[in-house]
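Proteins get letters first, then strands, A, B, ... in listed order; numbering begins at 1 in each.
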There are 2 protein chains.
Amino acid sequence: MAGTADDTLRKIPSHELTYGRLRDMILFGLLEPGQPVTIQGLIRDLDSGMTPVREAIRRLTAEGALLPQGNRRVAVPQMDGSALEQVAFARLTLEPKLAELALRNLTPALIDQLDEIDSAVDHAIRAGDLPGYLRSNHAFHFALYEAADAPILLDMARSLWLRFGPSLRVVMQRGGAANLPDRHEEALAAMRAGDTAALALAIQNDIQQGIDQIRLAQAQGAV
Amino acid sequence: MAGTADDTLRKIPSHELTYGRLRDMILFGLLEPGQPVTIQGLIRDLDSGMTPVREAIRRLTAEGALLPQGNRRVAVPQMDGSALEQVAFARLTLEPKLAELALRNLTPALIDQLDEIDSAVDHAIRAGDLPGYLRSNHAFHFALYEAADAPILLDMARSLWLRFGPSLRVVMQRGGAANLPDRHEEALAAMRAGDTAALALAIQNDIQQGIDQIRLAQAQGAV
DNA sequence: AGGCAAGAAATTTGATCAAATTCACGAATG
DNA sequence: CATTCGTGAATTTGATCAAATTTCTTGCCT
């Protein structure tokens, strides 16, 4: 048995799979805010059992991705102005810090990999492929943040993106693939130059641009 | 129907109770870092069923209070130097902000209430009552933070205190109730004066003092 | 007589428990 | 030293109970 590459080949337990699927649905704006999330419904939709679904819901509730209604149900939270402010503050503090920490550990190979992901982002923007953009944009940020080797801050960032996810729906509905945030070129240049301050600024701008998009959409009708 | 005071009288579900009990055990340093937390053990210790225990564990894992080992077990995480740095950075950013936000909503009655809690803190310190100190100190901070009306930042602060909890054990073992962090007088004065900057600074100092305690204990033997 | 509202039955959904299955670890054995 | 087997815990399923929402009925008022 010279090949137990256990890291990836180990059988993933059902509750992990279920969690991952539900998380991605929230993360990429597939669930409407306010829409109730029922256990029975998820058992059908995700083709899973009761216990795995319950645990996925509990985890995501603890992460702020779901909000308990008074009556033992949960729903995707609505993002109001106050919530957006809080998320903005936390993201603008945490993520530039993660980028700074990551810079110390970046290898040329990793930078090339990030460059590749950014190409996918560009391609998705030009093609008007919103879901593709969301996925590759997420991949870019977290490939960078994971290099920071700071699991606690990383968890916090993940939680914030989960809270942010449902809001992306408004952007998607407004269609325009134009002026989607993409300061990744600046970020990549800063990485290659080893310029900490420039990298933090690029990430900060990228985040700010995304926040502004949501704020704009919020100010107009689409809650 | 003049009597359904439902807000407080509603029966609390078992999984909530179980979660609360386990959370407090971690929060106040009753569980040793590295110590495995088993489902069966908690069913016995907390006198609960399997489902509630599972859900409590999942929630606390999502909050960073428990760490999954590779083998479908969880344990109270060890706090190394890197983890302490991350928690320190996040706490020093978030909690002064929460205090600032709270200041706008503080009523004289609430300040008096905080003053009362602080008396309990002082009393516990003078009496060398560590568990009492931990509980009232926690109560002081979160009574303040809750006034901020910022549930997202509040959740993040809660999670950070949970990650911090196990480290308190080292402080407790070193016995000295002296130089425990208590900059609450400064904070209360700032609240009464409505001085935002002074309040943020007082909270920041209070946190820094606590972090330094742990860092000191870490530098010496007691992991 | 028609419409509205309060209340009761029925259905849907969540919470909890108990049993069966799968998996990881350690001891015993070759 | 490698392999097998046993033990105990975690995972998962199914069943049962309790709560809440919906629907339907019934009685009252206009």
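The distance from atom OH of B/Y19 to atom C1' of C/dA15 is 19 Å, rounded to the nearest whole Å. Put simply, CG on A/L66 is 15 Å from C1' on C/dG14, counting in whole angstrom units. In this structure, CD1 of B/I12 is placed 17 Å from C1' of D/dA18, rounded to the nearest angstrom. For the pair A/M50 CE and D/dT12 C1', the computed distance is 12 Å after rounding to whole Å. Between the P atom of C/dT12 and the CZ atom of A/R72 lies a distance of 16 Å, rounded to the nearest Å. One atom, CD of A/Q40, and another, P of D/dA15, lie 14 Å apart when rounded to the nearest Å. Atom pair A/I39:CD1 and D/dT13:P shows a separation of 14 Å (rounding to whole Å applied). In this structure, the CD1 atom of B/I57 is 7 Å from the P atom of D/dA10, given to the nearest Å.
Side chain to side chain, A/H184 and A/D115 fail the donor-acceptor criterion of an N or O pair below 3.5 Å. For the 3.5 Å distance criterion, the side chains of B/E95 and B/Y145 qualify, holding a donor opposite an acceptor.
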Give the intermediate values and the outcome of side chain to side chain contact (heavy atoms under 4.5 Å, CB included) for residues B/E16 and B/R59.
CA-CA 10 Å; B/E16 283 290 345; B/R59 280 177 72 176; 3.5 Å; yes
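At a threshold of 4.0 Å, the pair B/D155-A/R163 counts as salt-bridged, since one of the basic side-chain nitrogens sits closer than that to a carboxylate oxygen.
Among the protein residues, A/R58 comes within range of the sugar-phosphate backbone only, with heavy atoms under 4.0 Å from sugar or phosphate atoms but none that close to a base. B/T51 comes within 4.0 angstrom of a nucleotide base, judged by non-hydrogen atoms across all strands. Among the protein residues, A/R73 comes within range of the sugar-phosphate backbone only, with heavy atoms under 4.0 Å from sugar or phosphate atoms but none that close to a base.
Of all nucleotides listed (C/dG14, D/dA9, D/dT12), C/dG14 comes nearest to the side chain of A/R54. Here D/dA20 is the nucleotide among C/dT22, D/dT12, D/dA20 with the atom lying nearest to any side-chain atom of A/N71.
Of the two residues near DNA chain D, A/P52 and B/V37, the one whose nearest nucleotide lies more 5' is B/V37.
Using a 30° and 60° split on the angle between ring planes, A/H138 and A/W161 fall in the perpendicular class, above 60°.
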